Amino acid sequence: MKFGKFTYKDKTHFGVIEKNSVTIIEGDPLTNWSYTSEKVSLDDIKLLAPITPKNIIGIGANYVENKLALPDEIPEMPVFFFKPATSVIGPNEEVIIPDQLNDVKFESELAVVIGKEAKNIEKEHVLDYVFGYTVGNDVTAPQFFHENGHWTLGKSFDTFTPLGPVIETELDPYAIHVTAKVNGEVKQNSPTQWMIVPIKEMLAYLTTIMTLHPGDVILTGSPIGAHFVKDDDRIECAIDEIGSLTNTFKHASSRTHV
């Protein structure tokens, strides 16, 4: 089932999205919800980020270039970082490159949406605490990485976490490819099986450190091929089973202000 958040007739709604239409629902998909009788065309809505996360947690450097490059053991302490909720935008919104930045990178990722409070969960059961999955673009400004390895500032600028287009609740996260195109040219295309820290281990480890809450989003890492982008570049991050998340990068100084 695909859940979306969108504006329709100047109001914000949640809905269940099908091929060419969306049925508006009452309530919150993460808690209690019910169908309404109102069905509208996808052409008549504007999709927003499908979730407003309480926390956004990313994992760093989590893909290898092929299956043979996978390590025999996963890292004892994976590299994680936080991103603020203020960095979230939705499909077709502009990623704003602040004037103080020289270079920014796109990073297409599978994003996990937590559905139930999770603490000290064994990896065999941790997917039971997942509500669904969406696509993320973990936009990154490496020049703001601290020399001692702190990444948060370089990940935290406004608009640096596009999410969407929908949350897919029926997905095998081990049987998908994470892809990205820059101006129509394929730059990333890797199966999630090439993750250094697999999804179950990743989520279970996090629950030993912190309590995960409904609405938290975990960015699971970006395949090989992410690189720097420039003004007006159009980035399409996609997972076929979920959909495509497209955003254009714009330098703050080049935007037209009305």
Side-chain angles (χ1 to χ4, degrees), residues 1 3-5 14 25 27-33 48-63 73-90 107 109-140 145-146 148-158 160-164 166-174 176 178 192 195-222 239 242:
M1 185 173 288
F3 287 95
K5 186 178 182 181
F14 288 103
I25 65 173
D28 186 339
L30 289 172
T31 53
N32 295 310
W33 64 274
L48 307 172
I51 187 75
T52 303
K54 295 182 178 180
N55 295 298
I56 307 165
I57 305 160
I59 187 170
N62 197 37
Y63 273 79
E73 297 181 357
I74 66 173
E76 181 178 350
M77 183 183 294
V79 176
F80 288 103
F81 55 87
F82 280 94
K83 301 192 76 168
T86 50
S87 66
V88 173
I89 59 173
E107 296 186 16
E109 308 201 7
L110 172 68
V112 177
V113 181
I114 300 299
K116 296 189 296 184
E117 185 174 301
K119 177 64 176 177
N120 291 324
I121 308 301
E122 298 292 333
K123 69 176 183 179
E124 291 81 6
H125 305 294
V126 76
L127 293 188
D128 295 338
Y129 293 78
V130 171
F131 174 74
Y133 305 85
T134 190
V135 181
N137 187 347
D138 177 22
V139 182
T140 302
F145 284 3
H146 193 279
N148 291 329
H150 304 163
W151 291 7
T152 295
L153 286 181
K155 303 278 190 175
S156 295
F157 289 88
D158 291 351
F160 270 29
T161 313
L163 296 174
V166 299
I167 298 172
E168 173 61 75
T169 61
E170 300 172 10
L171 181 75
D172 179 356
Y174 288 87
I176 58 174
V178 177
T192 50
M195 286 184 181
I196 296 170
V197 182
I199 293 170
K200 290 180 181 179
E201 285 80 355
M202 182 190 312
L203 298 179
Y205 181 89
L206 282 173
T207 70
T208 69
I209 305 297
M210 66 190 77
T211 301
L212 299 179
H213 293 278
D216 287 350
V217 169
I218 315 301
L219 299 172
T220 59
S222 189
I239 295 170
I242 301 173

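Since this is a predicted model, take the numbers as computed values, not measurements.
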- What's the shortest heavy-atom distance between Ile59 and Phe80, and which atoms? CB-CE2, 3.8 Å
- Task: Output, in order, the C-alpha distance, side-chain angles, deciding distance and verdict of side chain to side chain donor-acceptor pair (under 3.5 Å) for Lys119 and Thr207.
- Result: CA-CA 5 Å; Lys119 177 64 176 177; Thr207 70; over 6 Å; no
- Query: Any idea how Phe3 and Phe131 line up, ring-wise: parallel (<30°), tilted (30 to 60°), or perpendicular (>60°)?
  - Reply: tilted
- Is any side-chain N of the basic residue among Glu107 and Lys155 closer than 4.0 Å to the acidic one's carboxylate O? yes
- Item | side-chain contact (heavy atoms from CB on, under 4.5 Å) partner of Lys200, the single match among His125, Lys123, Glu124 | Lys123
- Measure the shortest side-chain to side-chain distance between Leu206 and Pro78 over non-hydrogen atoms and say whether it is less than 4.5 angstrom. no
- Residues, nucleotides or ligands: over 12 heavy atoms within 6.0 Å of Glu122 CD: no
- Message: Can you give me the closest heavy-atom contact between Tyr205 and Glu76, atom names plus distance?
- Response: CE1-O, 3.6 Å
- Item | Between OG on residue Ser222 and CG on residue Asn62, distance to nearest 0.5 Å | 10.0 Å
- Message: Can you give me the closest heavy-atom contact between Lys116 and Asp128, atom names plus distance?
- Response: CE-O, 3.1 Å
- Query: With side chains defined as the heavy atoms from C-beta onward, is the minimum distance between Ile89 and Pro162 less than 4.5 Å?
  - Reply: yes
- Leu163 and Val135: CA distance, side-chain angles, deciding distance, side chain to side chain contact (heavy atoms under 4.5 Å, CB included) verdict: CA-CA 6 Å; Leu163 296 174; Val135 181; over 6 Å; no
- Task: Determine the minimum heavy-atom distance between Pro84 and Ser87, stating which atoms define it.
- Result: O-OG, 2.7 Å
- Where Val178 and Leu110 come nearest, the two heavy atoms and their spacing: CG2-N, 4.2 Å
- From Leu48 atom CG to Ile51 atom CD1, the distance as rounded to the nearest 0.5 Å: 12.0 Å
- Message: Quick one, Met202 with Ile218, criterion side chain to side chain contact (heavy atoms under 4.5 Å, CB included). Give me CA distance, side-chain angles, the key distance, then yes/no.
- Response: CA-CA 9 Å; Met202 182 190 312; Ile218 315 301; 4.1 Å; yes
- Message: Using side-chain heavy atoms (C-beta onward) and a distance below 4.5 Å, is Ile199 in contact with Leu127?
- Response: yes
- Are there more than 12 heavy atoms of other residues, nucleotides or ligands under 6.0 Å from atom CG of Asn120? yes
- Item | Glu109 side chain to Ala111 backbone, donor-acceptor under 3.5 Å | no
- Message: For a quick test of reading the model, state the closest non-hydrogen atom pair linking Gly136 to Leu219 and the distance between them.
- Response: CA-CD2, 4.4 Å
- Query: Which of these passes side-chain hydrogen bond (donor to acceptor under 3.5 Å, both in side chains) with Lys83: Asn55, Thr140, Thr152, Thr161?
  - Reply: Thr161
- Query: Can you check whether Val166's main-chain N or O pairs, donor with acceptor, with Thr134's side chain at less than 3.5 Å?
  - Reply: yes
- Query: Taking C-beta and beyond as the side chain, do Val217 and Val88 meet within less than 4.5 Å on heavy atoms?
  - Reply: no
- Message: Taking the side chain as everything from C-beta on, heavy atoms only, tell me whether Ile57 gets closer than 4.5 Å to Phe81.
- Response: no
